[in-house]
Amino acid sequence: TTHVSVLAEDGSAVSVTSTINQIFGAGIYSSRTGIILNNELADFCFRAERLSAGEQPPSSMAPAILSSSSGKNTLVIGGSGGSMITTAMALSIMNHLWLGMSLKDAIAAPIVFVDGKNNVKFEHGFDKSVIEALKVIGHRVTDYEYFFNVVNAVAKEDGCITAVSDARKQGKSAGY
Amino acid sequence: MSKYKPWQICCCLCIGLFGAIIFICLCMLVFGVFIHRGCSEDTYQHAAVSADSKLCSDIGRDILQQGGSAVDGAIAALLCTSLVNPQSMGLGGGSIFTVRDKTGTVKTFSSRETVPQSFKADLLKGCPTSVIFITGSQWIGVPGELRGYEVVHRMYGKLPWARLFEPTIRLAREGFPMPPFLGSLLNITLIGNLVKATSLCEVFCHKNKTVLGIGDTLKFPKLAETMETIAEQGVDAFYTGQIGLDLIQDVKAAGGTLTMEDLKSFRVRVEDAWTVPLGDYQMHIPPPPAGGVMLAFILNLVKGFHFTPRSMEEDQKVLTYHCYIEAAKFANGQRKSVHDPVFNTKKDASHMVDSDFADRIRVLISKNRTYNDSYYNITPSPDRFG
């Protein structure tokens, strides 16, 4: 999965998340066309009892555009990383809009991920003293090494445009 | 001075005064611009693109600078990403666009893949419970990626369709250095073995079947041809034409059930964005089965804690993350509400963006304890790592 955020000069904005799931999807390459096929139907696993032709599976993809009531400020944001998209985006938005972090720091901050069994997992670099305190409260903290969360965003605030591509995927933004 | 006539002295004084006024105005203008802008040096004044790689962000920005719309820039950046991060997206997948036009109207366009007419009846019995790659033709849906580009370009595009493909076709044909991120992935044994064991090896292996790595040149000659045809003839070349026929033939050869009828009948879902008030902002998200409602539910819960920068200070930080984790646990309990509303008459997910519902859940969160799983109404399920 990948995400692209765009803010154009005329104020129009695009937040788009596109996906080949996992790594290389179904692992099938069409040599006649050069196209790699996705394994989208796997997204029904453990989320549905049956399928219907034409149905779309549930997804964590959530390309979002946030507009301030004054219309002056915009945040175009989205993420990739399967089930981690939701928490990576929620924490980035929370860090930036409410906790006072710059957009860059908001996205770079290590995340906490509550998995489908409500185990709590912390990305490498998370504040260890906070983790210990949360264990004392009773949260079931488990180790996990596969953090695939990535967030790419563009913000316009007070006339200035900040663009951040997540360093986790060695991304880099561009603008003028 | 006595040799000058009074009117000459007066003219000199006026010219001097006028010059002084102009100079002061210029200073104020230049200085004012900086005061007004107050933009730090790592910001932009006009437009920007954030993609997964510099190469593709640059291609998207260049399209904007050529007069392209935000949608033109996004499509060009996505086409590029299908070469630079082919493990993450491509023409064989699907996407969701959230687009805000100049008037502020926000629409969403879902071209995520759908279930084909014919599919393996007991498909879901093959779902793995451990974290492994789920490969095989039985998992292939009807690819919507290109139909999605066509629809948003028709509605918001400013540059000619073919122009959006040019930079990527050049890259695909001429080749480019293996991107570091992809190179590091291919270097992981698990992934290298996946590539070697599948038809992906035609692109990502040397002739002797060893997997490409950092320092190699990556080329997509076949994809360049396909993109060129689509750039010239439009996406019908894929959905009703020879490219589709070729694709179906390859999928069938791999044991898949996709048909030309599936491609012909694929439709992009165009809907108004769902709008969620978040303090001073309105958040616009795509409707289910996308995951925006999960995001909205968590943010609606967290919004009620009225976090401020002080919430990240030592004595507050644990409580802040405890409240966030509790919100995420309740969100897991709502996962089963996220499904395709067109095919599921069960309760839809609109309650998840409702502030009142969030208020009712928030009071169940204790500041100094957590609860067992049933309290959050979760149905334990494995995660997807996307």
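Here the structure is a predicted model, which means the values were calculated and not measured. Below, chain A is the first sequence line, B the second, and so on; all start at residue 1.
Contact annotation for B:V195: only side-chain heavy atoms (C-beta onward) come within less than 4.5 Å of a heavy atom of chain A. Neither the backbone nor the side chain of B:F220 comes within contact range of chain A; no heavy atom of the residue lies under 4.5 Å from a heavy atom of that chain. If you measure heavy-atom distances from B:P288 to chain A, you find no contacts under 4.5 Å at all. Looking at A:I131, neither its backbone nor its side chain comes within 4.5 Å of chain B, counting heavy atoms on both sides. For a residue to count as touching a neighbouring chain, one of its non-hydrogen atoms must lie under 4.5 Å from one of that chain's; by this rule B:I378 touches chain A with the side chain only. Using a 4.5 Å cut-off between heavy atoms, B:S110 contacts chain A through both its backbone and its side chain. Contact of A:N118 with chain B is made through backbone and side chain together, with heavy-atom distances under 4.5 Å. Looking at B:L124, the atoms closer than 4.5 Å to chain A (heavy atoms on both sides) all sit in the side chain, from C-beta outward. If you measure heavy-atom distances from B:I298 to chain A, the contacts under 4.5 Å come from the side chain alone. Within the 4.5 angstrom heavy-atom criterion, only side-chain atoms of A:V150, from C-beta onward, approach chain B. Heavy atoms of A:A153 lying under 4.5 Å from chain B belong exclusively to its backbone. Of the two parts of A:E49, the backbone and the side chain both hold a non-hydrogen atom closer than 4.5 Å to a non-hydrogen atom of chain B. With a 4.5 angstrom heavy-atom cutoff, B:N344 touches chain A only via side-chain atoms. For A:F113, the part sitting under 4.5 Å from any heavy atom of chain B is the side chain, from C-beta outward, and nothing else. Heavy-atom distances place both the backbone and the side chain of A:I28 under 4.5 Å from chain B. B:I140 touches chain A through backbone and side chain together, each having a heavy atom under 4.5 Å away. Contacts of B:L299 with chain A are made by both backbone and side-chain atoms, with heavy-atom separations under 4.5 Å. Contacts of A:S69 with chain B are made by both backbone and side-chain atoms, with heavy-atom separations under 4.5 Å.
Side-chain contact check for A:S173 versus B:R61: every heavy-atom pair is 4.5 Å or farther apart. You'll find the side chain of A:L99 reaches within 4.5 Å of the side chain of B:S311, heavy atoms only. A:V120 is listed as a side-chain neighbour of B:K329, based on a closest heavy-atom distance under 4.5 Å. By the 4.5 Å heavy-atom criterion applied to side chains, B:H284 and A:S67 are counted as neighbours. Side-chain atoms of A:R47 and B:R335, non-hydrogen and from C-beta on, do get closer than 4.5 Å to each other. Between B:T98 and A:V76, the closest side-chain pair of non-hydrogen atoms is not below 4.5 Å. Contact annotation: the side chain of B:I75 never approaches that of A:V14 to less than 4.5 Å [non-hydrogen atoms, C-beta and beyond]. With a 4.5 Å cut-off on side-chain heavy atoms, B:V251 and A:S30 do not count as touching.
Rounding to the nearest 0.5 Å gives a distance of 10.0 Å between OG1 of A:T1 and CD of B:Q87. Note that CD1 of A:I20 is 8.5 Å distant from CG of B:L91, once rounded to the nearest 0.5 Å. With values rounded to the nearest 0.5 angstrom, B:D246 atom CG is found 7.0 Å from A:T33 atom OG1. Note that SG of A:C45 is 6.5 Å distant from CG of B:L123, once rounded to the nearest 0.5 Å. Expressed to the nearest 0.5 Å, how far CG of A:N73 lies from CG of B:D280 amounts to 7.5 Å. Taken from OG1 in B:T114 to CG in A:L41, the straight-line distance is 8.5 Å, to the nearest 0.5 Å.
Minimum heavy-atom separation, B:R100 to A:I65: N-CD1, 3.7 Å. B:K222 approaches A:S31 most closely through the heavy-atom pair CG-O, 3.2 Å. Annotation for A:V16 and B:S95: closest pair CG2-CB, 4.2 Å, computed over non-hydrogen atoms. In terms of heavy atoms, A:A62 sits closest to B:G291 at CB-C, 3.9 Å. In terms of heavy atoms, B:D340 sits closest to A:Q56 at OD2-N, 2.8 Å.
Checking A:I161, A:D158, A:T162 one by one against B:T43, the side-chain contact (heavy atoms from CB on, under 4.5 Å) holds for a single residue, A:T162. Under the side-chain contact (heavy atoms from CB on, under 4.5 Å) test applied with B:D52, the options A:K169, A:R168, A:Q170, A:H3 reduce to a single match, A:K169.
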Derivation of the ring pair (Phe, Tyr, Trp, His ring centres under 6.0 Å) call for B:F204 and A:Y29: CA-CA 11 Å; B:F204 302 106; A:Y29 168 73; 7.8 Å; no
Chi angles and distances behind the side-chain contact (heavy atoms from CB on, under 4.5 Å) call for B:Y321, A:I137: CA-CA 11 Å; B:Y321 278 110; A:I137 291 176; over 6 Å; no
Evaluation steps, salt bridge (charged side-chain N to carboxylate O under 4.0 Å, His left out), between B:D373 and A:R140: CA-CA 10 Å; B:D373 294 344; A:R140 203 170 45 234; 3.2 Å; yes
Chi angles and distances behind the side-chain contact (heavy atoms from CB on, under 4.5 Å) call for A:I35, B:F238: CA-CA 11 Å; A:I35 290 172; B:F238 179 97; 3.5 Å; yes
Candidate pair B:Y324 and A:T87, rule side-chain contact (heavy atoms from CB on, under 4.5 Å), full reasoning: CA-CA 10 Å; B:Y324 175 79; A:T87 194; 2.6 Å; yes
Working for side-chain contact (heavy atoms from CB on, under 4.5 Å), residues A:S18 and B:E145: CA-CA 8 Å; A:S18 174; B:E145 191 79 11; 2.8 Å; yes
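Looking at A:T17, its side chain never comes within 3.5 Å of a backbone N or O of B:I96 through a donor-acceptor pair.
By a heavy-atom distance cut of under 4.5 Å, A:F122, A:F126, A:D127 are the residues of residues 121-128 of chain A near chain B, going up by number.
Chosen from A:A26, A:G171, A:A8, the residue pairing most often with chain B at heavy-atom distances under 4.5 Å is A:A26. The choice from B:V71, B:N85, B:L78 that makes the most heavy-atom pairs within less than 4.5 Å of chain A is B:L78.
Looking only at atom types and distance, the side chain of A:S12 has no donor-acceptor partner in the side chain of B:D101 under 3.5 Å away.
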